[in-house]
Amino acid sequence: MEQIQLKQLIDQVMAAMDAFNLSKSTIESYMRSAFAPIRIFFEKNNQVLYSKEFINTFLISAKEQLNNHEISERHYRKLRKASDLLEEYYITSALKWKTRGNRTKIKVNGYFTSLLLAYEQNNSRQLAPGTTAYIKSNILQFLKFLEDKGHKNFEKISFTEIRDFLLHTSPSHRGSMGNVLFSLRSLFKYLNETGITDLRVEMVLQKSARPRKRVLPCFSHKEVEDIFDQIDTSTAEGKRNYAILFLASHTGLRSIDIVNLKLTDIDWKKDEIRIVQRKTGKSLVLPLEADTGKAIADYILSGRPNTDSPYIFVRSIAPYTKLSDNGIGMNIIKKYRYSTGATHSAGDGKGFHALRRSIGTWMLEAGVPLPTISQVLGHHNLDSTKPYLSLHYSMLAECALSLHGIESEKEGLA
């Protein structure tokens, strides 16, 4: 098959997307947050031509970002879909845009269909279209379940049918049963208000327990020192990467805030960093320690290219523009972490964001109060900081209770 430049293929795909009457914001979103990261990834690896193999490499990198909580599940799905669109157009020179409305093939009887239509019209005045569509999908599965059990309407519906449906659907809704419960509560509220049934389900359909969260690891001090030892600070790129990693490991700033750090955000006279956090929109003032300031100053004075960019950290090759918001931190730390020779695996949680978890845990180990840690990390409330308690292994060990005085009388356990 004839080869094509990635940039040209992206332009062709974007032109083809126009034919599906997508909103301007949707097309711009794909261009900015999906195709742009792919293009940047290719450029950084000196890849000009489109390649399915290289797209797969990009998706592996994106999956690592997802596992390291550097991008959201929604962002990852968009990157994956953009990659599929490129491959589809490359092979067929055409696109088939699939929407959520085309996914379901569930059919129910005329009564249930009419009821669902009336319910949907009622909801459309109160909820966003996307939320209404999602609730409709859950309710359609419930109605189909009722029909398969021999029910043609709601005359003989009891709590038993609701319980059986929840047991039936739970395997396919791991982690999202709360949404199913919300959908059923919404349906029965409508059924109660319209007099279709007087079955009250509020107490039965209480919100499910929150799913367990995996506690991700942090770096030890030695691991971070080993990473720094791999950086060649005699080069401009090395000075930049050293300053970025030093800043992350000594302030806990997020990758997005570091790459968007401007020259004017540092008050050298007061030794302060002043930013507005991209994730929360909240202002944050941090002390600039001497070693951190030295690393940044060394890059600015001896490594940063001559550019008019207002941002501190820029590309090491022309054009000397701001670093990408997506994945740059993960790429930098992965490069030097591999060089340490330490045993690790993709998705083990020790990506760029682990530096932020690390400094939070280190402060806790040093006896810094949780409210102070929360303030340093720019958390809006203490709940966001509490996960660091579960990372503090030495303190957890001290919390373990002795079994002295609770001796077992059962033979074989004494």
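Listed by chain and residue number, nothing satisfies the side chain to side chain donor-acceptor pair (under 3.5 Å) test with R77 (two or more places apart in sequence, or in another chain). Under the rule for a salt bridge (charged side-chain N to carboxylate O under 4.0 Å, His left out), the partners of R274 that lie at least two apart in sequence or sit in another chain are E272. Every residue was checked against the ring pair (Phe, Tyr, Trp, His ring centres under 6.0 Å) condition with Y111, not counting sequence neighbours, and none meets it. Contacts of K269 classified as salt bridge (charged side-chain N to carboxylate O under 4.0 Å, His left out), with partners at least two apart in sequence or in another chain: none. When the ring pair (Phe, Tyr, Trp, His ring centres under 6.0 Å) test is applied to Y50, the partners found at least two apart in sequence or on another chain are Y90. Under the side-chain contact (heavy atoms from CB on, under 4.5 Å) criterion, N46 pairs with no residue at all, not counting sequence neighbours. In terms of the salt bridge (charged side-chain N to carboxylate O under 4.0 Å, His left out) criterion, residue partners of K7 (sequence neighbours excluded) are, by chain and number, D11. Take E289 and apply the side-chain contact (heavy atoms from CB on, under 4.5 Å) test, not counting sequence neighbours, and it matches H250, T292. Residues forming a side-chain contact (heavy atoms from CB on, under 4.5 Å) with K144 (at least two apart in sequence, or on another chain): I106, V108, E147, D148. Under the side chain to side chain donor-acceptor pair (under 3.5 Å) criterion, S183 pairs with N138, sequence neighbours left out. For R278, the side-chain contact (heavy atoms from CB on, under 4.5 Å) criterion is met by I256, D257, N260, D325, not counting sequence neighbours.
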Under the criterion side chain to side chain donor-acceptor pair (under 3.5 Å), I'd like the reasoning laid out for S324 against K44: C-alpha separation, chi angles, the key distance, then a yes or no. CA-CA 11 Å; S324 169; K44 287 183 177 179; 5.3 Å; no
Using side-chain contact (heavy atoms from CB on, under 4.5 Å), reason through M14 and I27 one step at a time and then give a plain yes or no. CA-CA 7 Å; M14 293 294 294; I27 294 178; 3.3 Å; yes
Taking it one step at a time, do E202 and K189 satisfy salt bridge (Lys or Arg N to Asp or Glu O under 4.0 Å)? CA-CA 9 Å; E202 292 85 355; K189 179 182 179 182; over 6 Å; no
Worked verdict on E161 versus K149 for side-chain contact (heavy atoms from CB on, under 4.5 Å): CA-CA 9 Å; E161 284 75 22; K149 295 295 182 180; 5.6 Å; no
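Under the 4.5 Å side-chain criterion, counting only non-hydrogen atoms from C-beta, I162 is not in contact with F165. Side-chain contact between I333 and F219: present, with at least one pair of heavy atoms (C-beta onward) separated by less than 4.5 Å. No side-chain heavy atom of R240 sits less than 4.5 Å from a side-chain heavy atom of R304. Between I258 and L323, every side-chain heavy-atom pair lies at or beyond the 4.5 Å cut-off. A heavy-atom distance below 4.5 Å is not found between the side chains of L355 and S255. A heavy-atom distance below 4.5 Å is not found between the side chains of L6 and L49. With a 4.5 Å cut-off on side-chain heavy atoms, L284 and L253 count as touching. Residues I10 and Y89 form no side-chain contact, since every pair of their non-hydrogen atoms from C-beta on lies 4.5 Å or further apart.
The aromatic rings of F42 and F54 lie perpendicular to each other, with more than 60° between the two planes, well past the 30° mark. Using cut-offs of 30° and 60° for the angle between ring planes, the Y242 and F228 rings count as tilted.
No side-chain N or O of N122 forms a donor-acceptor pair with one of Y190 less than 3.5 Å apart. A donor and an acceptor atom, one from each side chain of T235 and E237, are nowhere located under 3.5 Å apart.
Rounding to the nearest 0.5 Å places CG of N179 at 11.0 Å from CG of L184. Note that CG of L288 is 13.5 Å distant from NZ of K294, once rounded to the nearest 0.5 Å. One distance of note links CD1 of I244 with NZ of K239; it measures 14.0 Å at 0.5 Å rounding.
The heavy-atom pair separating S309 from K322 by the smallest distance is OG-N, 4.4 Å.
Under the 3.5 Å distance criterion, the side-chain polar atoms of H353 are left unmatched by any main-chain donor or acceptor of R254.
Ionic pairing of D84 and R80 is not present here: no N-O contact between side-chain nitrogen and carboxylate oxygen is shorter than 4.0 angstrom. Using a 4.0 Å cut-off between a side-chain N of Lys or Arg and a carboxylate O of Asp or Glu, E88 and K81 do not qualify as a salt bridge.
The stretch residues 301-335 participates, sequence neighbours left out, in these ring-ring contact (aromatic ring centres under 6.0 Å, His included) pairs: Y299-F313.
Remark: K136 NZ is loosely packed, at most 12 non-hydrogen atoms of other residues, nucleotides or ligands lying under 6.0 Å away.
Residues F154 and F112 place their aromatic rings such that the two centres sit under 6.0 Å apart.
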